[in-house]
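Residues: numbered from 1 along the sequence shown. One-based numbering, in listed order, for ligands and for the atoms of each.
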Amino acid sequence: MEFTDSLTIALSKGRIFEQALPLLAHAGIEPRDDPESSRKLILETNQPHVKLVIIRASDVPTYVQYGAADLGVAGKDVLMEQGSAGLYEPLDLRIARCRMMVAGVPEADLGPDRLRIATKYVASTERHFAAKGQQVEIIKLYGSMELAPLVGLSDLIVDLVESGNTLEANGLVPLEHIADISSRLVVNKATWKMKHRSVMALLEVLREAVAKV
Ligand code: PRT
Ligand code: MG
């Protein structure tokens, strides 16, 4: 298909870019560069009106909310943390799938109040334990959450789990499921109105691609 409106699509490199590529290809969008080898942050595509901006996973909703990108691909974990003000979330792309889990040492007790929980996902953790009526102390970290229970920084962690290998390598086990995670297509609200035909056309082919893959 051909796009008549200009469209800027924000996505992160790594697993999201790799897994979004076949979906974009189905929509007739092929980037001219590989973000893993190129240092470019703006990638032209074979479509004269479509470009990709390569940013950190957690920055994608921000670019789309402010209209710096028309569309984006963002993990549900990121959207759950940041909320979705200013954007629509019309399609589950079913890529970069994993689970958000509470984890700890095998003998960990999830029962008592005032448990210390280390995580990058503060809002999701707060909501999860509040829903169970449990008071917890949350320690915000930016990475390597698995270390926290091993050195006595926290009782438990909340992190994303895919194969479980990272937990296992550190003697931890998944204890409680919080949410199934996958990446979502997000659309700026003004783009949705102003470039309606192009967005609807793109949505339709992406929906087809998701059903096939
Ligand atoms: O890396 P950076 O700090 O820039 O940002 P990011 O970690 O948010 O980005 P990136 O590209 O690593 O992840 C982008 C998105 O991929 C996340 O927002 C999730 O929606 C999704 N995703 C899917 C994952 C995983 N699977 C995943 N396994 N993100 C991270 N992981 C990590 C997890 O945090 C843990 O450290 O992989 C490790 C666990 O993997 P297993 O296979 O050992 O269980
Ligand atoms: Mg990462």
Side-chain angles (χ1 to χ4, degrees), residues 9-24 31 33-43 52-65 68-69 71-84 87 89-106 108 117-125 127-128 138-151 153-154 156-187 206 210 213:
I9 307 174
L11 69 184
S12 52
K13 62 181 178 182
R15 73 186 95 221
I16 287 184
F17 183 84
E18 280 153 28
Q19 295 179 36
L21 262 190
L23 300 178
L24 291 172
D33 277 295
D34 175 0
E36 299 303 334
S37 52
S38 157
R39 284 165 188 264
K40 282 186 190 160
L41 300 176
I42 302 178
L43 304 185
L52 309 182
V53 293
I54 305 299
I55 57 183
R56 279 194 75 151
S58 46
D59 288 335
V60 168
T62 307
Y63 274 70
V64 175
Q65 275 160 1
L71 304 118
V73 178
K76 186 66 186 173
D77 50 317
V78 171
L79 294 167
M80 282 163 55
E81 279 304 296
Q82 311 198 352
S84 11
L87 46 81
E89 197 190 308
L91 183 61
D92 183 352
L93 297 170
R94 300 179 64 79
I95 59 170
R97 292 164 79 173
C98 59
R99 287 149 288 139
M100 187 181 288
M101 305 278 308
V102 181
V105 295
I117 311 205
T119 189
K120 166 168 154 185
Y121 304 103
V122 172
S124 305
T125 301
R127 272 198 300 272
H128 174 73
I138 297 172
I139 301 172
K140 163 88 185 181
L141 293 179
Y142 293 87
S144 303
M145 272 82 83
E146 306 81 21
L147 182 60
L150 305 180
V151 295
L153 177 60
S154 72
L156 301 167
I157 63 171
V158 167
D159 196 5
L160 303 180
V161 181
E162 191 181 1
S163 63
N165 291 341
T166 306
L167 289 181
E168 198 190 337
N170 292 292
L172 303 177
V173 292
L175 297 166
E176 213 165 62
H177 178 271
I178 297 181
D180 287 324
I181 303 294
S182 56
S183 293
R184 311 303 163 100
L185 185 75
V186 291
V187 185
L206 286 177
V210 171
V213 175

Relative to atom 31 (N) of ligand 1, which among Glu81, Lys120, Arg15 owns the nearest non-hydrogen atom? Arg15
So which bit of Glu162 gets within less than 4.0 Å of ligand 1, heavy atoms only: side chain, backbone, both or neither? both
Heavy-atom contact check, 4.0 Å cutoff: does Gly164 meet ligand 1? yes
Heavy atoms only: which of Ala57, Ala74, Gly14 lies closest to atom 9 (O) of ligand 1? Ala57
Interfacing atoms of ligand 1 (cut-off 4.0 Å, heavy-atom, Ile181): 20 (O)
Do Leu141 and Lys120 have side chains that get closer than 4.5 Å, going by heavy atoms? no
Has ligand 1 got any nitrogen or oxygen that is less than 3.5 angstrom from a nitrogen or oxygen of Ser58? no
Under 4.0 Å, heavy-atom basis, I'd like to know which part of Ile16 is in contact with ligand 1: side chain, backbone, both or neither. side chain
Side chains of Leu52 and Leu11: does their closest heavy-atom pair fall under 4.5 Å? yes
Take a 6.0 Å sphere around CZ of Arg56 and say whether it holds more than 12 heavy atoms from other residues, nucleotides or ligands. no
As an exercise, identify every atom of ligand 1 less than 4.0 angstrom from a heavy atom of Asn165. 43 (O), 44 (O)
Are any of the N/O atoms on Arg56, whether in the backbone or the side chain, positioned under 3.5 angstrom from an N/O atom of ligand 1? yes
Go through ligand 1 atom by atom and flag the ones less than 4.0 Å from a non-hydrogen atom of Val161. 44 (O)
Under a 4.0 angstrom heavy-atom cut-off, which atoms of ligand 1 come close to Glu146? 36 (O)
So for Leu160 against ligand 1, with non-hydrogen atoms under 4.0 Å, the contacting part is both
Can you find a heavy atom in the side chain of Ile157 that is under 4.5 Å from one in the side chain of Pro149? yes
Side chains of Leu150 and Leu172: does their closest heavy-atom pair fall under 4.5 Å? yes
For Ala69 versus Val53, what's the shortest heavy-atom pair and its separation? CB-CG2, 4.5 Å
Any heavy-atom pair between the side chains of Lys76 and Asp92 that's under 4.5 Å? no
Check whether any side-chain heavy atom of Ser58 sits under 4.5 Å from a side-chain heavy atom of Gln82, and report yes or no. yes
Within ligand 1, which atoms have a heavy atom of Gly75 less than 4.0 Å away? 20 (O)
Which atoms of ligand 1 sit under 4.0 Å from any heavy atom of Cys98? 22 (N), 23 (C), 25 (C), 26 (N)
Check if Glu168 has a non-hydrogen atom at a distance under 4.0 Å from any atom of ligand 1. no
Polar contact flag, side-chain donor to acceptor under 3.5 angstrom, Arg184-Ser182: yes
Side chains of Val187 and Pro90, heavy atoms from C-beta outward: is any pair under 4.5 Å? yes
Distance filter under 4.0 Å to Ser163 heavy atoms, resulting ligand 1 atoms: 41 (P), 42 (O), 43 (O), 44 (O)
Do Thr166 and ligand 1 have an N or O pair less than 3.5 Å apart? yes
Tell me, yes or no, whether the heavy-atom count around Tyr121 atom OH, taken from other residues, nucleotides or ligands under 6.0 Å, exceeds 12. yes
Ligand 1 to Asp77, heavy atom cutoff 4.0 Å, flagged ligand atoms 17 (C), 18 (O), 19 (C), 20 (O)
